[in-house]
Amino acid sequence: MTPRVAAGIGDRLLDRALATAAGRAGAPGRIRFTELQLYYEMCRVLRPLHAVPRRLPLTPAPPVRYERFEEALRRHGAVPGLLASGPASASARAPREPSEPDLYDYGLPRLLVCQSRDVARMLLANDVHLEAACPVFAAGDLPLDPRLVTGLGRVDGAIVHVLHDASADGIALTARVRDAVPGVRVSSMGLVPRHATALHLISQRGPAPGPGPLALPAALEARERDWLAEGRFAEVESVPPARLLRTVLRLVRGPRTPGHSVWTGLRELRTAGFMTWPTNRPGDTRTTGDEPAPRDPVQG
């Protein structure tokens with residue numbers, strides 16, 4: 001088999017993998033995704049180690065170079081759901097000034113800062129900021145507008161979530177954000193190495209950090225520190241798009257309140273006091289209206 005024939009077979013395999021990845025990345029519900037998310041989805045198609053049981057910690061290397069992915073993407077043409085990248089999207093990079101200046105006069109209970117600007121764009125494109133009632137910014141937007149910081153300070157328990165890569169620089173971003181919003185609670189949403197190994201995320205290897213101890217949170221385990229010291233990292237975009245959206249919405253919204261039904265509504269009325277639940281005692285023909293309330297309004 002000649003090298004040209006072998007290359008042609010490889011190209012056909014990558015083309016099929018890309019087509020499958022494009023369908024998976026946008027499912028379910030026409031999710032918008034970035035080019036890097038599509039690349040990692042293609043890696044999972046070619047090497048489906050994400051299906052291995054989670055008790056086996058794995059962070060596999062990419063099975064195909066990014067350059068080969070770009071070649072396959074050019075052959076494929078337009079991909080539904082793929083977000084535009086490059087200079088054409090520059091207008092979406094900076095947050096726009098709101099048309100209603102009094103919006104800055106309200107309290108702001110939560111805010112999300114993403115290490116990757118493309119991840120922030122992806123979340124905005126999928127309306128996470130609307131569903132979670134949470135503004136989304138990129139780390140490149142720091143420092144935040146002082147009016148946003150003031151709005152966070154108006155709400156007790158306000159929180160700034162930080163979404164970062166499993167890397168030494170990514171983990172250090174939380175401290176940077178904490179300095180940018182003094183007096184406001186800052187919480188890391190991840191990733192950290194234990195997330196990457198449990199989810200079997202594709203990881204890559206960069207230059208090892210310089211000599212000296214890494215400034216890492218004490219909560220990291222020794223094996224996580226060793227993983228980072230080797231220069232390894234896993235990007236947020238290596239998380240499947242649908243899973244990323246679900247996780248961000250769940251963590252930003254916080255605990256959900258129980259769903260309302262007819263029966264829960266009746267129970268609430270019984271414990272709300274008089275004027276809401278009519279009570280009749282034996283021999284008492286009164287129901288509701290202007291009559292004096294019974295002595296024990298919650299017993300009926």
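Numbering starts at 1 and runs along the sequence shown.
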In Å, rounded to the nearest 0.5 Å, how long is the span from [atom1] of [X] to [atom2] of [Y]?
{"X": "F137", "Y": "L144", "atom1": "CZ", "atom2": "CG", "result": "6.0 Å"}
{"X": "E35", "Y": "Y40", "atom1": "CD", "atom2": "OH", "result": "12.0 Å"}
{"X": "H76", "Y": "L14", "atom1": "NE2", "atom2": "CG", "result": "12.5 Å"}
{"X": "R147", "Y": "L152", "atom1": "CZ", "atom2": "CG", "result": "13.5 Å"}
{"X": "T247", "Y": "H195", "atom1": "OG1", "atom2": "NE2", "result": "9.5 Å"}

Exercise. Considering residues at least two apart in sequence or located in another chain, which fulfil the ring pair (Phe, Tyr, Trp, His ring centres under 6.0 Å) criterion with F69?
Worked result: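 Y39, Y66.
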
Should [X] and [Y] be regarded as members of a common hydrophobic cluster, given that ILVMFWY residues are connected when their side-chain heavy atoms come within less than 4.5 Å of each other, either directly or indirectly?
{"X": "L173", "Y": "V149", "answer": "yes"}
{"X": "L244", "Y": "F233", "answer": "no"}
{"X": "L82", "Y": "V45", "answer": "no"}
{"X": "L249", "Y": "V236", "answer": "yes"}
{"X": "L73", "Y": "L13", "answer": "yes"}

Of all the heavy-atom pairs spanning [X] and [Y], show the shortest one and how long it is.
{"X": "L38", "Y": "A25", "result": "CD1-CB, 4.5 Å"}
{"X": "I31", "Y": "A27", "result": "CD1-O, 3.7 Å"}
{"X": "P217", "Y": "I171", "result": "CD-CG2, 3.3 Å"}
{"X": "A196", "Y": "A234", "result": "CB-CB, 3.8 Å"}
{"X": "R44", "Y": "P241", "result": "NH2-CD, 4.5 Å"}
{"X": "H161", "Y": "L251", "result": "CE1-O, 3.6 Å"}

4.5 Å side-chain heavy-atom contact, [X] and [Y]:
{"X": "V79", "Y": "L18", "answer": "no"}
{"X": "R47", "Y": "V64", "answer": "no"}
{"X": "L199", "Y": "R243", "answer": "yes"}

Under the salt bridge (Lys or Arg N to Asp or Glu O under 4.0 Å) test, which residues partner [X], sequence neighbours left out?
{"X": "R32", "value": "none"}
{"X": "E221", "value": "R223"}
{"X": "D15", "value": "R75"}
{"X": "E237", "value": "none"}

Problem set entry | Distance-only side-chain donor-acceptor flag, T59 / R232, under 3.5 Å |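 The criterion, which ignores hydrogens and geometry beyond distance, is satisfied for R232 and T59.
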
Could you tell me which residues satisfy side-chain contact (heavy atoms from CB on, under 4.5 Å) with [X], sequence neighbours excluded, listed by chain and number?
{"X": "D127", "value": "H129, L130"}
{"X": "L58", "value": "V52, P60, H200"}
{"X": "P146", "value": "none"}
{"X": "A180", "value": "L142"}

Exercise. Just by modelled atom types, is the V128 backbone N or O under 3.5 Å from a matching donor or acceptor in the E131 side chain?
Worked result: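 Flag not set: sc E131 to bb V128 has no pair under 3.5 Å.
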
Exercise. Any donor and acceptor pair, going by atom type alone, linking the side chain of N126 with main-chain N or O of M122 inside 3.5 Å?
Worked result: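 Answer holds: yes.
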
Return all side-chain donor-acceptor pairs below 3.5 angstrom for residues 107-116, not counting sequence neighbours, or 'none' if the list is empty.
| unit_1 | atom_1 | unit_2 | atom_2 | d |
| --- | --- | --- | --- | --- |
| R110 | NE | A132 | O | 2.9 |
| R110 | NH2 | A132 | O | 3.2 |
| Q115 | OE1 | D165 | N | 2.8 |
| S116 | OG | D118 | N | 3.2 |
| S116 | OG | V119 | N | 3.2 |

Problem set entry | side chain to side chain contact (heavy atoms under 4.5 Å, CB included) between Q37 and V239, worked out | CA-CA 8 Å; Q37 286 177 314; V239 179; over 6 Å; no

Give the table of side-chain donor-acceptor pairs shorter than 3.5 Å for residues 181-191, with sequence neighbours excluded, one pair per line with atom names and distance.
| unit_1 | atom_1 | unit_2 | atom_2 | d |
| --- | --- | --- | --- | --- |
| S188 | OG | H164 | NE2 | 2.7 |
| S188 | OG | G190 | N | 3.3 |

Problem set entry | Of all pairs that satisfy salt bridge (Lys or Arg N to Asp or Glu O under 4.0 Å), the ones with a partner from residues 191-206, not counting sequence neighbours |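 Residue pairs with at least one partner in residues 191-206: R194-E224, R205-E230.
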
